[in-house]
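Letters A, B, ... mirror the listed sequences (proteins, then strands); counts begin at 1.
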Amino acid sequence: MPPQTRRASFPKVVIERETDSEESSSDEEEEIDEEGEAEDDVVEDEEVKATANDEEEKKLVVKKKTAITISLKKVCKVCKRTGHEAGFKGATYVDCPMKPCFLCKLPGHTTMTCPHRVATEYGVVPAPRRNTHNSLDYVFERQLRPQIPKMKPEFIIPDQVNCAVIRYHSRRVTCLEFHPTNNNILLSGDKKGQLGVWDFGKVYEKTVYGDIHDCILNNMKLNPRNDGTVYTGSSDGTASCTDLETGISSSLMNLNPNGWQGPSTWRMLYGLDINSEKGVVLVADNFGYLYTVDMRSNNVTGEPILIHKKGSKVVGLHCNPLQPDLLLSCGNDHFARIWDMRRLETGSSLHDLPHKRVVNSAYFSPLSGSKILTTSQDNRLRVWDSIFGSLDSPSREIVHSHDFNRHLTAFRAEWDPKDPSESLVVIGRYISENYNGTALHPIDFIDISTGQLVAEIMDPNITTISPVNKLHPCDDILASGSSRSLFIWRPKEKYEMEKPKDEKKIVLCGKAEKKSKRKSGDESDCDSDNDAFNTKGKNVKSKKPYLESTSKSKAKSSKKH
DNA sequence: AAAGTATGCCGCC
DNA sequence: TGGCGGCCCTACTT
(Lines give C-alpha, C1' and ligand atoms only; values in the text may rest on other atoms or scores of the structure.)
Protein backbone atom coordinates (compact mmCIF):
# COMPACT_ATOMS: atom_id res chain seq x y z
CA MET A 1 0.00 0.00 0.00
CA PRO A 2 1.48 3.31 -1.03
CA PRO A 3 2.22 5.78 1.73
CA GLN A 4 -0.61 8.22 2.13
CA THR A 5 -0.10 11.84 2.65
CA ARG A 6 -1.73 13.44 5.64
CA ARG A 7 -3.97 15.37 3.36
CA ALA A 8 -5.11 12.30 1.48
CA SER A 9 -6.22 10.62 4.69
CA PHE A 10 -8.27 13.65 5.64
CA PRO A 11 -11.97 13.58 4.71
CA LYS A 12 -13.20 15.51 1.75
CA VAL A 13 -13.72 19.16 2.59
CA VAL A 14 -16.42 21.07 0.82
CA ILE A 15 -16.44 24.78 1.14
CA GLU A 16 -19.66 26.47 0.30
CA ARG A 17 -19.46 30.04 -0.75
CA GLU A 18 -21.99 32.72 -0.51
CA THR A 19 -22.88 33.59 -4.08
CA ASP A 20 -24.13 37.06 -3.39
CA SER A 21 -21.19 37.79 -1.18
CA GLU A 22 -20.43 41.36 -0.28
CA GLU A 23 -17.06 40.49 1.17
CA SER A 24 -14.02 42.60 0.49
CA SER A 25 -11.58 41.59 -2.23
CA SER A 26 -9.00 40.30 0.24
CA ASP A 27 -11.58 38.01 1.75
CA GLU A 28 -12.41 36.62 -1.64
CA GLU A 29 -8.78 35.87 -2.34
CA GLU A 30 -8.63 33.83 0.83
CA GLU A 31 -11.72 31.92 -0.16
CA ILE A 32 -10.26 31.09 -3.55
CA ASP A 33 -7.15 29.74 -1.88
CA GLU A 34 -9.14 27.52 0.41
CA GLU A 35 -11.29 26.29 -2.40
CA GLY A 36 -8.23 25.37 -4.40
CA GLU A 37 -7.01 23.20 -1.56
CA ALA A 38 -10.39 21.62 -1.24
CA GLU A 39 -10.28 20.60 -4.87
CA ASP A 40 -6.89 19.01 -4.31
CA ASP A 41 -8.43 16.94 -1.56
CA VAL A 42 -11.14 15.69 -3.84
CA VAL A 43 -8.63 14.58 -6.46
CA GLU A 44 -6.45 12.74 -3.98
CA ASP A 45 -9.51 11.11 -2.46
CA GLU A 46 -10.43 9.63 -5.80
CA GLU A 47 -6.91 8.31 -6.29
CA VAL A 48 -7.11 6.49 -3.01
CA LYS A 49 -10.46 5.04 -4.02
CA ALA A 50 -8.95 3.63 -7.20
CA THR A 51 -6.30 1.72 -5.28
CA ALA A 52 -8.56 0.45 -2.57
CA ASN A 53 -8.98 -3.32 -2.89
CA ASP A 54 -9.53 -5.16 0.36
CA GLU A 55 -12.45 -4.75 2.76
CA GLU A 56 -10.65 -2.65 5.27
CA GLU A 57 -9.55 -0.18 2.72
CA LYS A 58 -13.08 0.05 1.36
CA LYS A 59 -14.40 0.88 4.80
CA LEU A 60 -11.70 3.47 5.09
CA VAL A 61 -12.81 4.95 1.81
CA VAL A 62 -16.43 5.08 2.94
CA LYS A 63 -15.30 6.95 6.00
CA LYS A 64 -13.25 9.31 3.92
CA LYS A 65 -16.11 9.92 1.57
CA THR A 66 -18.12 11.46 4.41
CA ALA A 67 -17.69 15.09 3.54
CA ILE A 68 -17.08 17.77 6.11
CA THR A 69 -18.90 20.83 4.98
CA ILE A 70 -17.41 24.14 5.95
CA SER A 71 -19.90 26.78 4.99
CA LEU A 72 -18.80 30.29 4.41
CA LYS A 73 -22.39 31.30 3.80
CA LYS A 74 -23.83 33.48 6.49
CA VAL A 75 -25.84 31.32 8.79
CA CYS A 76 -28.36 32.16 11.49
CA LYS A 77 -26.71 31.56 14.84
CA VAL A 78 -29.97 30.28 16.28
CA CYS A 79 -31.22 27.79 13.68
CA LYS A 80 -28.02 27.46 11.57
CA ARG A 81 -29.98 28.05 8.38
CA THR A 82 -29.19 30.53 5.67
CA GLY A 83 -31.31 33.34 4.32
CA HIS A 84 -31.68 35.23 7.57
CA GLU A 85 -29.64 36.06 10.65
CA ALA A 86 -30.75 36.53 14.23
CA GLY A 87 -28.94 39.17 16.22
CA PHE A 88 -28.52 42.88 16.66
CA LYS A 89 -29.11 45.12 13.68
CA GLY A 90 -27.81 48.30 15.21
CA ALA A 91 -29.60 48.62 18.51
CA THR A 92 -32.54 46.46 17.49
CA TYR A 93 -32.49 42.73 17.99
CA VAL A 94 -33.91 40.70 15.14
CA ASP A 95 -35.33 37.33 16.16
CA CYS A 96 -34.84 34.11 14.28
CA PRO A 97 -38.12 33.63 12.38
CA MET A 98 -37.85 29.86 12.61
CA LYS A 99 -38.37 29.91 16.38
CA PRO A 100 -41.52 30.74 18.32
CA CYS A 101 -41.82 34.31 19.53
CA PHE A 102 -39.14 34.95 22.12
CA LEU A 103 -41.55 37.08 24.13
CA CYS A 104 -44.88 35.25 24.27
CA LYS A 105 -43.50 31.81 23.25
CA LEU A 106 -46.18 31.35 20.59
CA PRO A 107 -45.25 30.51 16.99
CA GLY A 108 -46.17 32.52 13.92
CA HIS A 109 -44.46 35.81 14.66
CA THR A 110 -41.36 37.30 16.25
CA THR A 111 -40.87 39.66 19.18
CA MET A 112 -40.87 42.62 16.83
CA THR A 113 -44.48 42.06 15.80
CA CYS A 114 -45.70 40.31 18.95
CA PRO A 115 -49.00 41.90 20.01
CA HIS A 116 -47.87 41.66 23.63
CA ARG A 117 -44.87 43.81 22.86
CA VAL A 118 -46.97 46.39 21.08
CA ALA A 119 -49.34 46.56 24.07
CA THR A 120 -48.68 44.82 27.38
CA GLU A 121 -52.40 44.69 28.08
CA TYR A 122 -53.01 42.60 24.94
CA GLY A 123 -55.28 39.70 25.75
CA VAL A 124 -55.65 40.76 29.39
CA VAL A 125 -59.14 40.94 30.76
CA PRO A 126 -59.17 43.87 33.21
CA ALA A 127 -60.26 43.32 36.79
CA PRO A 128 -64.03 43.53 37.13
CA ARG A 129 -65.41 46.32 39.24
CA ARG A 130 -66.92 43.80 41.54
CA ASN A 131 -65.56 40.39 42.26
CA THR A 132 -67.91 37.53 42.89
CA HIS A 133 -67.89 37.43 46.64
CA ASN A 134 -68.20 34.52 48.95
CA SER A 135 -68.91 34.94 52.64
CA LEU A 136 -65.25 35.12 53.64
CA ASP A 137 -64.72 37.80 51.07
CA TYR A 138 -67.54 39.85 52.61
CA VAL A 139 -65.89 39.74 55.99
CA PHE A 140 -62.67 40.84 54.43
CA GLU A 141 -64.39 43.60 52.49
CA ARG A 142 -66.15 44.92 55.58
CA GLN A 143 -62.98 44.98 57.63
CA LEU A 144 -60.67 46.43 55.04
CA ARG A 145 -62.69 48.32 52.49
CA PRO A 146 -63.11 51.44 54.66
CA GLN A 147 -59.34 51.76 54.77
CA ILE A 148 -58.97 51.55 51.03
CA PRO A 149 -59.80 54.68 49.05
CA LYS A 150 -62.34 54.20 46.28
CA MET A 151 -60.49 56.27 43.74
CA LYS A 152 -57.34 54.98 42.20
CA PRO A 153 -54.79 57.75 42.61
CA GLU A 154 -52.45 58.66 39.79
CA PHE A 155 -49.28 56.67 39.97
CA ILE A 156 -46.11 58.54 40.80
CA ILE A 157 -43.25 57.02 38.88
CA PRO A 158 -39.62 57.48 39.91
CA ASP A 159 -38.16 57.90 36.43
CA GLN A 160 -34.85 59.68 36.84
CA VAL A 161 -31.60 58.46 38.29
CA ASN A 162 -30.91 60.58 41.34
CA CYS A 163 -27.81 58.89 42.69
CA ALA A 164 -25.90 55.70 42.20
CA VAL A 165 -22.96 53.58 43.23
CA ILE A 166 -21.26 52.16 40.18
CA ARG A 167 -19.52 48.83 40.63
CA TYR A 168 -20.40 48.85 44.28
CA HIS A 169 -20.44 45.08 44.50
CA SER A 170 -17.75 42.82 43.13
CA ARG A 171 -20.34 40.42 41.76
CA ARG A 172 -23.86 40.97 40.46
CA VAL A 173 -26.53 42.20 42.84
CA THR A 174 -29.01 39.52 43.90
CA CYS A 175 -31.39 41.27 46.27
CA LEU A 176 -32.32 44.67 47.65
CA GLU A 177 -34.14 45.79 50.78
CA PHE A 178 -35.00 49.24 52.09
CA HIS A 179 -34.52 49.87 55.77
CA PRO A 180 -38.03 50.14 57.26
CA THR A 181 -37.36 53.07 59.58
CA ASN A 182 -34.15 54.69 58.39
CA ASN A 183 -35.46 56.07 55.12
CA ASN A 184 -32.17 56.50 53.31
CA ILE A 185 -30.63 53.11 53.94
CA LEU A 186 -30.57 50.54 51.19
CA LEU A 187 -29.31 47.03 51.78
CA SER A 188 -27.99 44.97 48.91
CA GLY A 189 -26.81 41.40 48.63
CA ASP A 190 -24.59 39.96 45.92
CA LYS A 191 -23.55 36.72 44.31
CA LYS A 192 -20.41 36.61 46.36
CA GLY A 193 -22.40 36.63 49.58
CA GLN A 194 -21.54 40.19 50.51
CA LEU A 195 -23.95 42.60 52.13
CA GLY A 196 -23.96 46.26 51.18
CA VAL A 197 -25.28 48.98 53.48
CA TRP A 198 -25.65 52.24 51.60
CA ASP A 199 -26.91 55.57 52.91
CA PHE A 200 -28.05 57.06 49.62
CA GLY A 201 -28.94 60.29 51.42
CA LYS A 202 -25.27 60.86 52.06
CA VAL A 203 -24.29 58.85 48.99
CA TYR A 204 -20.69 58.20 50.06
CA GLU A 205 -21.75 56.44 53.24
CA LYS A 206 -21.48 52.88 52.10
CA THR A 207 -20.23 49.69 53.60
CA VAL A 208 -19.75 46.20 52.32
CA TYR A 209 -19.65 43.36 54.78
CA GLY A 210 -17.68 40.59 53.15
CA ASP A 211 -17.58 37.70 55.55
CA ILE A 212 -21.18 36.96 56.33
CA HIS A 213 -21.57 34.38 53.58
CA ASP A 214 -19.28 32.49 51.22
CA CYS A 215 -21.50 32.61 48.15
CA ILE A 216 -24.80 33.90 46.78
CA LEU A 217 -26.84 35.90 49.24
CA ASN A 218 -30.22 34.79 47.95
CA ASN A 219 -32.65 36.64 50.20
CA MET A 220 -32.72 38.96 53.18
CA LYS A 221 -35.24 40.52 55.48
CA LEU A 222 -34.92 43.18 58.15
CA ASN A 223 -36.00 42.24 61.60
CA PRO A 224 -39.25 44.11 62.31
CA ARG A 225 -38.64 43.79 66.05
CA ASN A 226 -35.13 45.16 65.86
CA ASP A 227 -34.52 47.04 62.66
CA GLY A 228 -30.81 47.21 63.34
CA THR A 229 -30.45 43.59 62.34
CA VAL A 230 -31.00 41.74 59.09
CA TYR A 231 -31.58 38.06 58.40
CA THR A 232 -29.91 36.58 55.36
CA GLY A 233 -30.00 33.22 53.60
CA SER A 234 -27.26 32.00 51.30
CA SER A 235 -26.20 29.27 48.91
CA ASP A 236 -23.45 28.49 51.37
CA GLY A 237 -26.22 26.74 53.29
CA THR A 238 -26.26 29.11 56.24
CA ALA A 239 -28.71 31.67 57.53
CA SER A 240 -27.38 34.57 59.54
CA CYS A 241 -28.51 37.48 61.62
CA THR A 242 -26.29 40.51 61.14
CA ASP A 243 -26.00 43.78 63.05
CA LEU A 244 -26.04 46.56 60.47
CA GLU A 245 -23.87 48.89 62.55
CA THR A 246 -21.08 46.49 63.32
CA GLY A 247 -21.47 43.81 60.68
CA ILE A 248 -21.18 41.24 63.40
CA SER A 249 -23.32 38.27 62.49
CA SER A 250 -24.48 35.20 64.26
CA SER A 251 -25.24 32.00 62.42
CA LEU A 252 -28.75 30.62 62.77
CA MET A 253 -28.15 27.39 60.96
CA ASN A 254 -25.70 25.56 58.79
CA LEU A 255 -27.08 22.92 56.46
CA ASN A 256 -23.62 21.63 55.54
CA PRO A 257 -21.92 20.96 58.86
CA ASN A 258 -19.67 18.35 57.27
CA GLY A 259 -18.46 20.61 54.52
CA TRP A 260 -18.35 19.87 50.82
CA GLN A 261 -19.35 16.29 50.02
CA GLY A 262 -20.17 16.94 46.38
CA PRO A 263 -22.94 18.82 44.59
CA SER A 264 -25.61 16.22 45.21
CA THR A 265 -25.54 16.75 48.95
CA TRP A 266 -24.66 20.44 49.24
CA ARG A 267 -27.67 22.32 50.60
CA MET A 268 -28.37 25.93 49.78
CA LEU A 269 -30.83 28.37 51.29
CA TYR A 270 -33.05 30.37 48.98
CA GLY A 271 -36.48 31.50 50.22
CA LEU A 272 -36.51 33.54 53.42
CA ASP A 273 -39.11 35.54 55.32
CA ILE A 274 -39.90 36.62 58.83
CA ASN A 275 -43.14 35.93 60.63
CA SER A 276 -42.88 38.35 63.52
CA GLU A 277 -46.26 37.43 65.01
CA LYS A 278 -45.03 33.92 65.47
CA GLY A 279 -41.48 35.03 66.21
CA VAL A 280 -39.91 32.83 63.56
CA VAL A 281 -37.68 33.13 60.54
CA LEU A 282 -38.66 30.82 57.72
CA VAL A 283 -36.07 29.60 55.25
CA ALA A 284 -36.19 27.06 52.45
CA ASP A 285 -33.52 25.09 50.63
CA ASN A 286 -32.70 23.69 47.21
CA PHE A 287 -34.09 20.25 48.06
CA GLY A 288 -37.65 21.39 48.65
CA TYR A 289 -37.52 21.76 52.45
CA LEU A 290 -38.74 24.47 54.79
CA TYR A 291 -36.99 25.23 58.08
CA THR A 292 -38.26 27.26 61.00
CA VAL A 293 -35.91 29.29 63.18
CA ASP A 294 -36.99 30.68 66.52
CA MET A 295 -36.05 34.35 66.66
CA ARG A 296 -35.42 34.41 70.38
CA SER A 297 -33.08 31.46 70.59
CA ASN A 298 -31.82 31.70 67.00
CA ASN A 299 -32.24 27.96 66.77
CA VAL A 300 -33.98 25.74 64.29
CA THR A 301 -37.17 24.34 65.74
CA GLY A 302 -38.94 21.21 64.61
CA GLU A 303 -38.11 19.09 61.60
CA PRO A 304 -37.65 20.35 58.06
CA ILE A 305 -40.84 20.01 56.03
CA LEU A 306 -40.94 19.09 52.36
CA ILE A 307 -43.06 21.84 50.78
CA HIS A 308 -42.08 21.51 47.12
CA LYS A 309 -41.09 18.64 44.87
CA LYS A 310 -38.30 16.69 46.49
CA GLY A 311 -34.95 17.84 45.20
CA SER A 312 -36.29 21.09 43.76
CA LYS A 313 -35.34 24.58 44.77
CA VAL A 314 -37.73 26.65 46.90
CA VAL A 315 -36.79 30.11 45.66
CA GLY A 316 -39.29 32.25 47.54
CA LEU A 317 -41.23 32.50 50.80
CA HIS A 318 -43.67 35.21 51.79
CA CYS A 319 -45.76 35.60 54.91
CA ASN A 320 -49.14 37.26 54.53
CA PRO A 321 -48.93 40.83 55.89
CA LEU A 322 -52.32 40.58 57.61
CA GLN A 323 -52.88 36.93 58.30
CA PRO A 324 -49.91 35.46 60.15
CA ASP A 325 -51.17 31.96 59.49
CA LEU A 326 -50.82 32.23 55.73
CA LEU A 327 -47.56 31.44 53.98
CA LEU A 328 -46.81 31.59 50.26
CA SER A 329 -43.98 29.62 48.70
CA CYS A 330 -42.72 29.21 45.17
CA GLY A 331 -40.11 27.12 43.49
CA ASN A 332 -38.50 25.32 40.63
CA ASP A 333 -41.22 22.70 40.53
CA HIS A 334 -43.32 25.27 38.65
CA PHE A 335 -45.68 25.82 41.58
CA ALA A 336 -46.54 28.55 44.01
CA ARG A 337 -48.24 27.19 47.10
CA ILE A 338 -50.36 28.66 49.88
CA TRP A 339 -49.95 27.14 53.32
CA ASP A 340 -51.60 27.32 56.71
CA MET A 341 -48.79 27.80 59.22
CA ARG A 342 -50.81 25.93 61.82
CA ARG A 343 -50.85 22.82 59.70
CA LEU A 344 -47.52 22.72 57.94
CA GLU A 345 -47.10 19.21 56.61
CA THR A 346 -45.93 17.77 53.35
CA GLY A 347 -48.85 17.78 50.94
CA SER A 348 -51.11 19.85 53.18
CA SER A 349 -50.97 23.07 51.15
CA LEU A 350 -54.23 25.00 50.94
CA HIS A 351 -53.72 25.73 47.26
CA ASP A 352 -51.24 24.88 44.53
CA LEU A 353 -50.90 27.52 41.84
CA PRO A 354 -49.45 25.93 38.69
CA HIS A 355 -47.11 27.70 36.29
CA LYS A 356 -45.60 26.64 32.98
CA ARG A 357 -42.05 27.13 34.18
CA VAL A 358 -39.96 28.07 37.23
CA VAL A 359 -41.63 30.59 39.54
CA ASN A 360 -39.11 33.31 40.37
CA SER A 361 -41.25 35.00 43.00
CA ALA A 362 -44.66 34.90 44.61
CA TYR A 363 -45.91 37.70 46.83
CA PHE A 364 -49.09 38.53 48.68
CA SER A 365 -50.17 42.12 48.09
CA PRO A 366 -48.50 44.40 50.65
CA LEU A 367 -51.51 46.13 52.27
CA SER A 368 -54.48 43.78 52.30
CA GLY A 369 -52.55 40.58 51.63
CA SER A 370 -55.50 39.43 49.57
CA LYS A 371 -53.92 39.40 46.11
CA ILE A 372 -51.12 37.24 44.80
CA LEU A 373 -48.55 38.23 42.20
CA THR A 374 -46.11 35.77 40.69
CA THR A 375 -43.26 36.06 38.20
CA SER A 376 -42.54 32.97 36.15
CA GLN A 377 -39.80 32.16 33.69
CA ASP A 378 -42.47 31.55 31.06
CA ASN A 379 -42.52 35.32 30.49
CA ARG A 380 -45.75 35.88 32.34
CA LEU A 381 -46.83 37.77 35.41
CA ARG A 382 -49.79 36.12 37.07
CA VAL A 383 -52.27 37.85 39.30
CA TRP A 384 -54.87 36.31 41.58
CA ASP A 385 -57.26 39.06 42.65
CA SER A 386 -58.46 37.47 45.85
CA ILE A 387 -57.13 34.62 47.91
CA PHE A 388 -60.66 34.30 49.27
CA GLY A 389 -62.11 33.79 45.82
CA SER A 390 -61.43 31.03 43.33
CA LEU A 391 -57.78 30.22 42.90
CA ASP A 392 -58.32 27.66 40.17
CA SER A 393 -56.81 29.92 37.58
CA PRO A 394 -55.11 33.31 37.76
CA SER A 395 -57.29 36.37 37.34
CA ARG A 396 -54.84 37.68 34.74
CA GLU A 397 -51.72 36.64 32.90
CA ILE A 398 -49.59 39.48 31.63
CA VAL A 399 -46.93 38.66 29.05
CA HIS A 400 -43.70 40.39 29.92
CA SER A 401 -40.08 39.76 28.93
CA HIS A 402 -38.13 38.35 31.83
CA ASP A 403 -37.17 34.88 30.62
CA PHE A 404 -33.39 34.79 30.50
CA ASN A 405 -30.79 32.21 29.62
CA ARG A 406 -28.26 32.27 32.44
CA HIS A 407 -25.93 34.61 34.23
CA LEU A 408 -28.57 36.99 35.52
CA THR A 409 -30.37 37.37 38.82
CA ALA A 410 -33.95 36.14 38.39
CA PHE A 411 -36.48 38.87 37.65
CA ARG A 412 -39.18 39.45 40.24
CA ALA A 413 -42.19 41.68 39.90
CA GLU A 414 -42.44 43.79 43.08
CA TRP A 415 -45.49 45.55 44.48
CA ASP A 416 -45.52 49.25 45.13
CA PRO A 417 -46.13 49.20 48.90
CA LYS A 418 -47.53 52.75 48.72
CA ASP A 419 -50.23 52.09 46.15
CA PRO A 420 -53.53 51.82 48.04
CA SER A 421 -55.18 50.10 45.10
CA GLU A 422 -52.51 47.39 45.11
CA SER A 423 -52.16 47.44 41.37
CA LEU A 424 -48.82 49.08 40.60
CA VAL A 425 -45.93 46.72 40.10
CA VAL A 426 -42.31 47.16 39.00
CA ILE A 427 -40.18 44.69 37.08
CA GLY A 428 -37.05 44.90 34.93
CA ARG A 429 -37.23 43.96 31.25
CA TYR A 430 -34.92 41.45 29.61
CA ILE A 431 -35.30 42.27 25.93
CA SER A 432 -33.83 45.57 24.88
CA GLU A 433 -35.46 48.47 23.12
CA ASN A 434 -33.87 50.68 20.52
CA TYR A 435 -33.71 53.94 22.39
CA ASN A 436 -32.25 56.69 20.20
CA GLY A 437 -29.91 54.20 18.61
CA THR A 438 -28.89 52.49 21.83
CA ALA A 439 -30.06 49.13 23.07
CA LEU A 440 -31.42 49.74 26.56
CA HIS A 441 -33.27 47.49 28.98
CA PRO A 442 -36.07 49.49 30.62
CA ILE A 443 -37.59 48.96 34.02
CA ASP A 444 -41.34 48.56 33.62
CA PHE A 445 -44.18 49.81 35.79
CA ILE A 446 -47.27 47.74 35.14
CA ASP A 447 -50.86 48.15 36.30
CA ILE A 448 -51.70 44.56 37.10
CA SER A 449 -55.45 45.27 37.20
CA THR A 450 -55.41 46.00 33.46
CA GLY A 451 -52.06 44.72 32.25
CA GLN A 452 -51.16 48.15 30.98
CA LEU A 453 -47.61 49.40 30.87
CA VAL A 454 -47.81 52.54 33.00
CA ALA A 455 -44.21 53.59 32.45
CA GLU A 456 -40.91 52.25 31.17
CA ILE A 457 -37.92 53.96 32.66
CA MET A 458 -34.35 53.95 31.44
CA ASP A 459 -31.16 55.95 31.50
CA PRO A 460 -28.67 56.03 28.62
CA ASN A 461 -25.89 55.45 31.16
CA ILE A 462 -27.39 52.14 32.21
CA THR A 463 -26.87 49.75 29.32
CA THR A 464 -27.04 46.66 31.51
CA ILE A 465 -30.14 44.72 32.49
CA SER A 466 -31.79 45.63 35.83
CA PRO A 467 -33.38 42.46 37.19
CA VAL A 468 -33.50 43.57 40.84
CA ASN A 469 -35.89 46.35 41.79
CA LYS A 470 -37.56 47.54 44.93
CA LEU A 471 -39.93 50.42 45.65
CA HIS A 472 -39.51 52.42 48.84
CA PRO A 473 -42.07 51.72 51.60
CA CYS A 474 -43.03 55.38 52.02
CA ASP A 475 -41.08 57.65 49.64
CA ASP A 476 -41.41 57.91 45.86
CA ILE A 477 -38.14 56.10 45.32
CA LEU A 478 -37.10 53.13 43.28
CA ALA A 479 -33.91 51.24 43.96
CA SER A 480 -32.57 49.07 41.19
CA GLY A 481 -29.66 46.70 41.01
CA SER A 482 -28.01 46.23 37.65
CA SER A 483 -24.98 43.99 37.39
CA ARG A 484 -22.72 45.24 40.21
CA SER A 485 -24.22 48.73 40.48
CA LEU A 486 -27.05 50.29 42.45
CA PHE A 487 -29.30 53.12 41.30
CA ILE A 488 -31.76 55.34 43.10
CA TRP A 489 -34.56 56.73 40.95
CA ARG A 490 -36.89 59.59 41.89
CA PRO A 491 -39.75 61.26 40.01
CA LYS A 492 -38.34 63.71 37.50
CA GLU A 493 -40.95 66.43 37.99
CA LYS A 494 -40.71 66.26 41.72
CA TYR A 495 -36.95 66.50 41.85
CA GLU A 496 -36.25 68.57 38.74
CA MET A 497 -34.87 71.35 40.96
CA GLU A 498 -32.28 69.17 42.59
CA LYS A 499 -30.95 67.53 39.48
CA PRO A 500 -27.52 66.18 40.29
CA LYS A 501 -25.43 69.31 40.19
CA ASP A 502 -22.46 67.71 41.82
CA GLU A 503 -20.86 64.57 40.54
CA LYS A 504 -20.63 63.32 44.08
CA LYS A 505 -24.09 61.89 43.73
CA ILE A 506 -22.60 59.18 41.60
CA VAL A 507 -20.01 57.15 43.41
CA LEU A 508 -17.68 55.08 41.32
CA CYS A 509 -16.08 52.04 42.83
CA GLY A 510 -13.53 49.70 41.44
CA LYS A 511 -13.92 46.17 42.52
CA ALA A 512 -15.83 46.26 45.76
CA GLU A 513 -13.30 46.12 48.51
CA LYS A 514 -13.47 43.43 51.10
CA LYS A 515 -14.43 45.08 54.31
CA SER A 516 -15.43 43.03 57.21
CA LYS A 517 -16.99 43.80 60.54
CA ARG A 518 -16.02 47.39 60.24
CA LYS A 519 -18.11 50.36 59.45
CA SER A 520 -16.63 52.64 56.86
CA GLY A 521 -17.86 55.41 54.64
CA ASP A 522 -15.85 58.40 55.79
CA GLU A 523 -13.86 60.69 53.50
CA SER A 524 -10.89 58.38 53.36
CA ASP A 525 -13.15 55.63 52.17
CA CYS A 526 -14.48 57.62 49.28
CA ASP A 527 -10.97 58.65 48.34
CA SER A 528 -9.89 55.06 48.19
CA ASP A 529 -12.80 54.27 45.95
CA ASN A 530 -11.83 56.98 43.56
CA ASP A 531 -8.29 55.75 43.61
CA ALA A 532 -9.44 52.29 42.75
CA PHE A 533 -11.35 53.72 39.85
CA ASN A 534 -8.48 55.90 38.70
CA THR A 535 -6.20 52.91 38.45
CA LYS A 536 -8.30 51.98 35.46
CA GLY A 537 -6.44 54.76 33.67
CA LYS A 538 -7.87 55.32 30.23
CA ASN A 539 -11.33 54.36 31.33
CA VAL A 540 -11.59 57.30 33.63
CA LYS A 541 -12.59 59.76 30.99
CA SER A 542 -15.09 57.66 29.16
CA LYS A 543 -16.69 56.45 32.34
CA LYS A 544 -16.50 59.74 34.13
CA PRO A 545 -19.46 60.22 36.35
CA TYR A 546 -22.53 61.23 34.95
CA LEU A 547 -25.07 62.35 33.53
CA GLU A 548 -26.02 64.41 30.48
CA SER A 549 -22.54 65.33 29.36
CA THR A 550 -21.10 61.87 29.09
CA SER A 551 -24.24 59.87 28.61
CA LYS A 552 -24.43 59.95 24.83
CA SER A 553 -20.84 59.06 24.12
CA LYS A 554 -20.94 56.18 26.53
CA ALA A 555 -24.23 54.95 25.22
CA LYS A 556 -22.96 54.99 21.67
CA SER A 557 -19.74 53.24 22.50
CA SER A 558 -21.63 50.36 24.03
CA LYS A 559 -23.91 49.97 21.06
CA LYS A 560 -23.93 46.55 19.53
CA HIS A 561 -23.63 45.91 15.82
C1' DA B 1 -9.97 42.87 20.69
C1' DA B 2 -11.53 38.16 20.27
C1' DA B 3 -11.93 34.49 23.37
C1' DG B 4 -13.06 32.67 27.65
C1' DT B 5 -16.16 31.85 31.57
C1' DA B 6 -19.24 31.83 35.29
C1' DT B 7 -23.56 29.65 35.38
C1' DG B 8 -29.06 27.41 35.63
C1' DC B 9 -32.67 25.21 33.55
C1' DC B 10 -34.68 22.33 30.05
C1' DG B 11 -35.25 18.55 27.42
C1' DC B 12 -33.49 14.57 25.55
C1' DC B 13 -32.34 9.63 25.70
C1' DT C 1 -35.60 8.77 36.27
C1' DG C 2 -31.10 10.75 36.06
C1' DG C 3 -27.33 12.38 33.84
C1' DC C 4 -25.71 15.30 30.43
C1' DG C 5 -25.45 18.33 26.43
C1' DG C 6 -26.91 22.69 24.98
C1' DC C 7 -28.73 27.04 24.97
C1' DC C 8 -31.73 33.69 21.50
C1' DC C 9 -30.66 40.03 23.42
C1' DT C 10 -25.04 38.87 29.80
C1' DA C 11 -21.21 41.10 31.80
C1' DC C 12 -17.48 41.06 32.66
C1' DT C 13 -11.89 39.85 32.39
C1' DT C 14 -7.75 38.58 29.97
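At B:dT5, none of the side-chain N or O atoms of A:Arg171 fall inside 4.0 Å of OP1 or OP2 (strictly under the cut-off). Contact annotation: A:His334 reaches the phosphate of B:dC10 (side-chain N/O to OP1 or OP2, under 4.0 Å). Taking 4.0 angstrom as the limit, A:Ser483 places none of its side-chain polar atoms (N or O) nearer than this to OP1 or OP2 of C:dT10. A close approach under 4.0 Å does not occur between any side-chain nitrogen or oxygen of A:Asn405 and OP1 or OP2 of B:dC9. Contact annotation: A:Lys313 side-chain N/O to B:dG8 OP1/OP2 distance is not under 4.0 Å. Contact annotation: A:Lys77 does not reach the phosphate of C:dC7 (side-chain N/O to OP1 or OP2, under 4.0 Å).
Nearer the 5' end of DNA chain B, as judged by each residue's closest nucleotide, is the contact made by A:His407, out of A:Arg357 and A:His407.
Using cut-offs of 30° and 60° for the angle between ring planes, the A:Trp198 and A:Tyr168 rings count as tilted.
Atom CZ of A:Arg172 is separated from atom P of C:dC12 by 12 Å (rounded to the nearest Å). Atom CG of A:Asn286 and atom P of B:dC9 are 10 Å apart (whole Å). Whole-Å rounding puts the A:Ile462 CD1 to C:dA11 C1' distance at 15 Å. Residue A:Lys89 contributes atom NZ, which lies 14 Å from atom C1' of C:dC8 at whole-angstrom precision. Here the P atom of nucleotide C:dT10 and the CD1 atom of A:Ile465 are 6 Å apart, to the nearest Å. Taking atom CG of A:Asp403 as the reference point, atom P of B:dG11 lies 11 Å away to the nearest angstrom. For A:Asp190 and B:dT7, the CG to C1' distance is 16 Å, given to the nearest whole Å. We find that NZ of A:Lys309 is positioned 13 Å from P of B:dC9, with the value rounded to whole Å.
To the nearest 0.5 Å, atom CD1 of residue A:Ile446 and atom CD of residue A:Glu456 are 10.0 Å apart.
Across all strands shown, A:Pro97 has no heavy atoms under 4.0 Å from either base or sugar-phosphate atoms. Looking at heavy-atom distances under 4.0 Å, A:Tyr430 makes contact with sugar-phosphate atoms alone, never a base.
Side-chain atoms of A:Tyr289 and A:Val283, non-hydrogen and from C-beta on, never get closer than 4.5 Å to each other.
Comparing the C1' positions of C:dT10 and B:dG11 gives a spacing of 23 Å, expressed to the nearest Å. Across B:dC12 and C:dC9, the matching C1' atoms stand 26 Å from one another, rounded to whole Å.
The closest side-chain donor-acceptor pair between A:Ser480 and A:Trp489 falls under 3.5 angstrom. Between the side chains of A:His169 and A:Ser188, at least one donor-acceptor pair of N or O atoms lies under 3.5 Å.
When each of C:dC7, C:dA11, C:dT13 is scored by its nearest atom to the side-chain atoms of A:Arg484, the top-ranked nucleotide is C:dT13.
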